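Everything on this sheet refers to the single structure shown next.
These numbers were taken from a predicted model, which means no experiment stands behind them.
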Amino acid sequence: MHSGSTVMTTFSSKPPQCSSRRSCHVHIGAAAASPPPLIRRCPSVSWRWLEQRRHTRLQCGQSSPQQISNLDEDDSRLSQNAGIFHPSIWGDFFLGYSNPAAASSQQQMAERADKLKEQVAEMIASSTFRGQHERLHLIDTLERLCLDHLFEEDISAALSQIEAAGVSDCDIGTVALWFCLLRKHRYRVSPDVFARFKNEEGGFLADNPEDLLSLYNAAYMGVHGETILDEAILFTRRRLETALSNMEESLLAHEIKSALEIPSPRRVRIYESKHYISAYEKDATVHETVLQLAKLNSNIMQLHHQHDLEIITRWWKGLHVESKLPFARDRVVECYLWILGVYYEPCYSRSRIILTMVIAIVTLLDDIYDSYATPEECEILTKCIESWDAKAAHDLPECIKFALGKVLDSFQNIENMLHQDEKYRMSYLKYFTEDLVRGFSREVKMLEKGYIPKSVEEHLQVSMRTGGCPILSCASFVGMNDIATKDCFDWISHVPNMVQALARVLRLLDDLQSYEREQLIPHVASTIDSYMKEHNVSIEVAREKIYKLKEESWKDFNSEWLNPDNTYPKQVLERIFNLTRTMEFMYNQEDNFTNCPNLKDTIYLLFAEPFAN
């Protein structure tokens with residue numbers, strides 16, 4: 001695999017063939033209280049050598065034998081493999097959780113928010129008479145406050161005017177914000193707008209930290225061949241690192257530090273929204289109406305998210321993971337946090353519930369194949385899932401039979417959430433599930449033989465599947481309304497280049513952050529192992545190269561995001577962009593999903609701590 005090129009992965013199984021009328025939007029019938037009202041604006045390995053594992057298991061929250069169900073008294077593996085992962089932090093916390101913000105009438109909250117929304121819409125319209133910087137800054141602020149979904153048409157009209165007006169007379173900070181915002185909205189504007197800011201030494205005419213930060217973030221929307229943006233990243237990163245070392249603690253210092261970890265275009269806005277609302281309140285440019293709407297909208301969204309979490313927690317408790325499958329990660333709240341980054345808007349409640357169920361099922365299956373089942377059991381389980389029939393599971397341990405039954409029940413639950421005209425979507429979801437477990441089974445065989453793929457490209461032929469990105473991309477459409485058409489599912493079923501780029505980003509990020517932990521136990525080879533084998537280099541060199549390949553994969557993704565041939569609705573494509581962003585967050589510094597205490601503060605702030613009314 002060579003730098004800057006797309007790895008073409010062949011998915012041998014044929015995608016499903018089915019026909020359907022265009023689907024209709026329906027509400028979820030759930031055994032929970034009705035959701036709060038909306039602001040009225042919404043877009044339509046095997047067994048892993050158990051003796052060795054017993055001595056190398058991560059020591060965190062090991063379950064006691066009394067906690068383990070009596071499903072199979074002869075299966076000592078349950079007790080031997082219990083406690084591999086940190087136990088759930090949340091338990092039943094979100095079952096019937098009472099939010100202090102709900103003390104106000106929910107209907108009154110929505111009516112007040114609608115009035116504020118009208119005032120902000122007038123501000124967006126009137127901003128056409130202001131300077132370019134003020135218009136850009138307002139839109140950027142609305143996006144960072146997670147208010148933009150309330151003003152999609154207004155912002156779209158403003159951006160069209162902003163793009164036409166150009167930035168020939170603007171400073172570098174304004175040009176960078178213009179470039180970044182427009183590319184995030186799929187305008188393929190040229191990086192040549194930065195040429196006039198180059199100096200004779202090859203640097204850029206940007207001195208203050210604000211301008212450097214703006215240019216740094218904009219450059220990360222680059223694609224292959226845009227040398228000026230590569231140069232901008234190198235220049236600004238050096239300057240920002242120097243500036244940060246000399247800065248006292250401040251909002252700007254925090255922004256720089258965050259951007260050096262994850263550039264702004266790759267960050268998940270909803271995860272940072274409450275911090276940004278608090279920071280915006282202290283900003284000299286604060287608009288009081290915007291601030292009030294941001295706080296109120298945050299509280300309204302929080303009520304919707306709590307309602308989702310109650311449904312999800314009730315479903316997850318029915319799987320009895322803690323007692324009957326103690327070798328698996330108990331992470332349903334963390335799964336929901338992950339999926340919140342894909343779509344946080346209240347109107348996507350059904351989508352979030354379905355996608356959370358799918359990612360939780362994927363995690364459970366991953367742990368069965370990776371931490372519990374023997375190679376023979378993996379093969380039987382794969383055949384059961386391919387046939388969608390539990391009858392062939394009679395030779396499996398009781399706990400795997402139990403898990404299989406729960407997986408099949410959960411898919412039926414998902415189908416029950418769909419309108420009759422939407423049920424065709426299940427054939428696509430099942431197709432990707434079958435492909436996923438075939439990939440898991442193949443990795444089990446690779447581990448059993450001690451096989452290391454001879455190249456990163458060969459590795460990715462399997463590991464791009466087993467990372468789960470193809471199935472999650474498909475599942476992200478399943479709960480959407482009729483904007484996700486059959487054409488969208490046909491497109492996703494062929495694993496297009498955009499999804500392949502997402503899958504590579506995840507695989508490479510995961511390997512970079514999980515490599516040391518996975519060396520403690522028998523584990524399938526990573527892309528780092530394959531790179532070392534392919535090029536006969538040290539682990540340090542391999543890690544550096546894998547990081548560069550991850551960055552190249554982001555350029556591949558940006559190219560597909562801006563590709564005019566991807567004619568599917570932006571609301572659909574954005575789910576895949578947001579999935580890619582969540583990968584950067586979940587694997588920032590380490591595997592935060594597996595190491596769930598890292599996410600505790602973010603979860604509590606987003607789901608349990610409202611702004612004062």
Side-chain angles (χ1 to χ4, degrees), residues 1-7 167 170-244 255-267 456 497-498 500-502 504-505 508-509 512 527 531 535 540-563 577 580-581 583-584 588:
M1 175 172 154
H2 53 279
S3 181
S5 67
T6 300
V7 177
V167 281
C170 296
D171 62 90
I172 190 169
T174 301
V175 172
L177 183 57
W178 177 87
F179 180 86
C180 192
L181 273 175
L182 287 173
R183 283 214 166 177
K184 283 198 292 183
H185 285 265
R186 303 195 71 209
Y187 288 83
R188 188 153 187 164
V189 290
S190 172
D192 292 345
V193 292
F194 296 110
R196 64 187 173 94
F197 299 106
K198 291 290 297 280
N199 58 30
E200 295 178 357
E201 291 76 33
F204 291 81
L205 301 174
D207 295 319
N208 67 70
E210 291 89 346
D211 288 346
L212 288 166
L213 181 60
S214 188
L215 177 58
Y216 172 85
N217 284 322
Y220 276 95
M221 285 302 300
V223 302
H224 295 291
E226 294 182 328
T227 306
I228 194 169
L229 298 183
D230 296 334
E231 293 170 347
I233 289 173
L234 292 174
F235 174 82
T236 53
R237 175 172 280 277
R238 287 196 302 267
R239 295 296 182 92
L240 288 170
E241 287 173 344
T242 301
L244 185 62
E255 285 284 309
I256 292 172
K257 183 176 183 296
S258 298
L260 291 173
E261 287 185 7
I262 303 176
S264 176
R266 301 181 186 176
R267 297 215 295 272
V456 173
N497 290 337
M498 181 179 283
Q500 292 196 36
L502 157 63
R504 287 196 305 278
V505 168
L508 300 174
L509 272 169
L512 285 167
T527 52
Y531 195 93
H535 298 282
E540 291 78 16
V541 172
R543 288 184 69 93
E544 182 181 348
K545 293 297 183 180
I546 293 298
Y547 176 82
K548 289 180 179 178
L549 289 174
K550 187 265 290 187
E551 290 298 309
E552 294 298 314
S553 297
W554 261 110
K555 288 184 179 180
D556 293 336
F557 187 90
N558 289 343
S559 295
E560 290 302 315
W561 174 248
L562 297 170
N563 187 348
F577 200 160
T580 316
R581 289 172 168 129
M583 303 307 171
E584 285 279 357
N588 180 33

Residue pair [X] / [Y]: nearest heavy atoms and the distance that separates them:
| X | Y | value |
| --- | --- | --- |
| Val193 | Phe179 | CG2-CD1, 4.3 Å |
| Cys170 | Val175 | O-CG2, 3.9 Å |
| Tyr216 | Ile233 | CD1-O, 4.4 Å |
| Ser559 | Val223 | OG-CB, 3.3 Å |
| Ala219 | Ala232 | CB-CB, 4.1 Å |
| Arg581 | Pro265 | NE-O, 2.9 Å |

Check your understanding: Do Ser214 side-chain atoms and Glu210 backbone N/O form a donor-acceptor pair below 3.5 Å?
Key -> no
Check your understanding: Do Asn558 side-chain atoms and Tyr220 backbone N/O form a donor-acceptor pair below 3.5 Å?
Key -> yes
Residue list, side chain to side chain contact (heavy atoms under 4.5 Å, CB included) with [X], at least two apart or on another chain:
| X | value |
| --- | --- |
| Ala542 | Ile528, Tyr531, Met532, Val537 |
| Ser258 | His254, Arg267 |
| Leu205 | Asn199 |

I need the [X] [atom1] to [Y] [atom2] distance, nearest 0.5 Å.
| X | Y | atom1 | atom2 | answer |
| --- | --- | --- | --- | --- |
| Met498 | Thr580 | CE | OG1 | 8.0 Å |
| Ile262 | Asn588 | CD1 | CG | 4.0 Å |
| Asn497 | Leu502 | CG | CG | 12.5 Å |
| Ile256 | Leu260 | CD1 | CG | 7.5 Å |
| Thr236 | Asp211 | OG1 | CG | 11.5 Å |
| Phe235 | Leu212 | CZ | CG | 6.0 Å |

Review point. Can you find a heavy atom in the side chain of Arg237 that is under 4.5 Å from one in the side chain of Leu240?
Key: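 When only atoms from C-beta onward are counted, Leu240 and Arg237 do not touch, as no gap falls below 4.5 Å.
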Review point. Taking C-beta and beyond as the side chain, do Glu231 and Phe204 meet within less than 4.5 Å on heavy atoms?
Key: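 Yes, their side chains come closer than 4.5 Å.
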Salt bridge (charged side-chain N to carboxylate O under 4.0 Å, His left out) partners of [X], counting only residues at least two apart:
| X | value |
| --- | --- |
| Lys555 | Asp230 |
| Arg266 | Glu551, Glu584 |
| Arg188 | none |
| Asp207 | none |

Under the rule for side chain to side chain donor-acceptor pair (under 3.5 Å), what residues qualify as partners of [X], not counting sequence neighbours?
| X | answer |
| --- | --- |
| Glu540 | Ser538 |
| Thr174 | His133, Asp171 |
| Thr527 | Asp511 |

**Study point:** Salt bridge present between Arg183 and Glu226 (N-O < 4.0 angstrom)
**Key:** yes
Review point. Are the charged groups of Glu552 and Lys548 less than 4.0 angstrom apart, N to O?
Key: no
Practice item. For Phe197, check ring-ring contact (aromatic ring centres under 6.0 Å, His included) against everything at least two apart and list the hits. Key: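 If we apply the ring-ring contact (aromatic ring centres under 6.0 Å, His included) test to Phe197, skipping adjacent residues, there are no hits.
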Study note, to complete from the structure: Sorted by chain and number, sequence neighbours left out, ring-ring contact (aromatic ring centres under 6.0 Å, His included) with Phe557 holds for Trp554, Phe577
Review point. Between His224 and Asp556, is a side-chain hydrogen bond (donor to acceptor under 3.5 Å, both in side chains) present by the stated rule, with each step listed?
Key: CA-CA 7 Å; His224 295 291; Asp556 293 336; 2.5 Å; yes
